[in-house]
Amino acid sequence: MEPTLLLGIDEFTMVLTVEKSKIDDIGSWPLIALDTIKKFVEMTDIKVIFGKQSQLIGKVPQGYTIGYQFGDNPFYFAIAYHPDNVQMGIVIKFSAYSWSYYCHEWTLVHHSPMNIKQFTSLTVSDEFHSRLSRIDFIADFQNVDFTVDDLYRHLTDGSWIIQNADGKKNPSGLSAHEVNKIVETFYVGSKKGNTRLFLRVYDKRREQIEQPSFRYEEALSVESWVRLEAVFKGKYAHQITDSLRNELDDDEPSLKTFIASKLLEKYRFVDADTEEYADLTKMLMRVVEDNEFSRLRLESPRDSELIQSIQYLMFNSGLFTAMYKCDALWGHNSGIELLLRMAAVYLRGRHPPDDAIRWVAIHRKEMEKRTLAELFDEIDANQEAMKKETITTPPTANGDSPAPV
């Protein structure tokens, strides 16, 4: 497979504020906040795309007390405010899944594409001020000849360093998550507290195969997938808002170049001896210089949570083990009899638990687009991919092969 570089946005947060001169006293803020939310929702077609507004069920964004969701969807999207704190404004939180879904559905509704440049322009208003407080830029390196572990080892043994665009060495520390002595995720900088900038590098393909989400099918279609995810918060996100609105054209090359340049501005992987850039940095530089090797993400989100549940039921819950025990004790097909007896219990009409009813309400719209047979085709493809992972994963430092996932 040919190496591919995809650039895009993961999650982001926007905050709306109203000028103090428009607020008579603190007691009027809740009504103003609700009116501002209404205007924002109308400007962005949130109800058209996500569904009816209702009280948020689940986690309200940190620091806020009153939140709203829109529709019953299998992703997180929230609008919230604090009735006693005008300075906090109104927060809009898009998860990666909800942003992907929003862009996809906007295109279907309006017959025109949606991206972060257009969204920041769309949310300019005389009634309120809007700006990003967090944005995650991603670079997905697919079918490349390096791994997350390769990158981390180069950095920790000193053969590589990370520099910014001015050639200054990044002073941030490294932290990593290892499985069987293989690094699958590492961080440059801390993601805790008030950190305004950090980088996460991880194996996106393995993440999606082990925990299927809306990019599960994409993970199955590639041989490898290393993601660089740079998180910009606070003043950096504010500056990015202004740049998106005032400096970019509406075309795809302009946005691609912008994302690549922001990643290169803070994170350039450099050979410590030769001072040459590493291949992943060269690929990003070609985007800025020549628009090569890359394209923007055009999402077609798929709901894969039921796949994850079925996989767990079959391979991790002990069901197949119980079937084997039945066959061993009482003869061939006793395991099938076990399933039939379990089905009989189900058919006797036990009332489904509330969380199952809720799950169906949230996932029905997306899941009805596929059949059960199609889900099992995906599960079979997943098992083949996992077998390949087990076979091709290199030995650990002590010579032992990692345990199968």
Side-chain angles (χ1 to χ4, degrees), residues 9-14 16 33-82 90-110 114 119 122-123 136 208 211-218 297-313 346 349-376 378-379:
I9 307 298
D10 197 62
E11 66 174 271
F12 71 89
T13 303
M14 177 173 276
L16 316 180
L34 290 174
D35 185 57
T36 302
I37 291 172
K38 180 181 178 182
K39 290 172 181 175
F40 177 86
V41 168
E42 290 173 350
M43 291 169 63
T44 55
D45 275 348
I46 293 295
K47 281 186 181 179
V48 174
I49 292 173
F50 287 159
K52 184 179 179 181
Q53 181 175 339
S54 61
Q55 202 74 24
L56 179 63
I57 299 174
K59 186 178 179 182
V60 177
Q62 185 177 5
Y64 295 83
T65 57
I66 298 177
Y68 300 99
Q69 64 182 36
F70 294 79
D72 287 320
N73 296 297
F75 48 69
Y76 185 81
F77 171 80
I79 299 180
Y81 73 99
H82 194 301
I90 298 160
V91 67
I92 320 292
K93 288 189 71 71
F94 277 92
S95 67
Y97 192 169
S98 63
W99 175 241
S100 171
Y101 184 90
Y102 179 83
C103 292
H104 182 261
E105 296 299 309
W106 176 279
T107 301
L108 296 179
V109 172
H110 294 279
M114 169 58 68
F119 190 80
L122 183 67
T123 51
D136 298 7
Q208 287 295 297
Q211 301 176 19
S213 183
F214 70 103
R215 291 195 174 110
Y216 170 77
E217 292 178 57
E218 182 179 353
R297 284 197 155 278
L298 296 176
E299 304 289 6
S300 182
R302 300 292 294 273
D303 187 345
S304 297
E305 188 171 325
L306 184 56
I307 289 176
Q308 186 175 5
S309 297
I310 294 172
Q311 287 182 166
Y312 176 82
L313 183 65
Y346 172 76
R350 290 190 62 192
H351 182 72
D354 290 342
D355 60 346
I357 295 172
R358 171 69 180 160
W359 187 94
V360 171
I362 291 173
H363 294 266
R364 181 187 297 278
K365 181 169 64 174
E366 285 300 304
M367 293 309 301
E368 285 182 340
K369 297 176 182 178
R370 286 180 282 176
T371 66
L372 184 60
E374 289 172 335
L375 257 62
F376 268 86
E378 293 180 34
I379 291 170

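Since we're looking at a predicted model, the values are computed, not measured.
A centroid separation of 6.0 Å or more is found between the aromatic rings of Y102 and F70. For F75 and F50, the distance between ring centers is under 6.0 angstrom. Aromatic pair Y64/Y81: centroids not less than 6.0 angstrom apart.
Q208 places a side-chain N or O within 3.5 Å of a backbone atom of R215 that can act as its donor or acceptor partner. Between the side chain of T44 and the backbone N or O of F40 there is at least one donor-acceptor pair closer than 3.5 Å. Judged by distance alone, the side chain of S100 and the main-chain N or O of A96 form no donor-acceptor pair under 3.5 Å.
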K52/D72 under side-chain contact (heavy atoms from CB on, under 4.5 Å): CA gap, chis, key distance, verdict: CA-CA 8 Å; K52 184 179 179 181; D72 287 320; over 6 Å; no
From CA spacing to verdict: side-chain contact (heavy atoms from CB on, under 4.5 Å), L34, K38: CA-CA 6 Å; L34 290 174; K38 180 181 178 182; over 6 Å; no
Residues I9, F94; criterion side-chain contact (heavy atoms from CB on, under 4.5 Å); working and verdict: CA-CA 10 Å; I9 307 298; F94 277 92; over 6 Å; no
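Within the 4.5 Å cutoff, the side chain of V48 has no heavy atoms near those of the W106 side chain. Annotation: side chain of F77 is in contact with side chain of I92 (closest heavy-atom distance under 4.5 Å). In this structure the side chain of V41 reaches within 4.5 angstrom of the side chain of I79, judged on heavy atoms.
The 12-atom threshold is not exceeded at CD of Q62, counting heavy atoms of other residues, nucleotides or ligands nearer than 6.0 Å.
Here CD of Q53 is found 10.5 Å from CD1 of I46. Values are rounded to the nearest 0.5 Å. Taking OG1 from T65 and NE2 from H82, the interatomic distance works out to 4.5 Å, rounded to the nearest 0.5 Å. Taken to the nearest 0.5 Å, the CE atom of M114 stands 12.5 Å off from the CD atom of E105. For the atom pair CD of Q211 and OH of Y216, the computed distance is 13.0 Å after rounding to the nearest 0.5 Å.
Contact between A33 and I90 at its shortest, heavy atoms only, is O-CD1, 3.6 Å. Nearest heavy-atom pair, M43 versus L122, reported as atom, atom and distance to 0.1 Å: CE-O, 3.0 Å. Residues A80 and V60 approach most closely at CB-CG1, 4.1 Å, considering heavy atoms. Taking each heavy atom of A78 and Y76 in turn, the nearest pair found is CB-OH, 3.4 Å.
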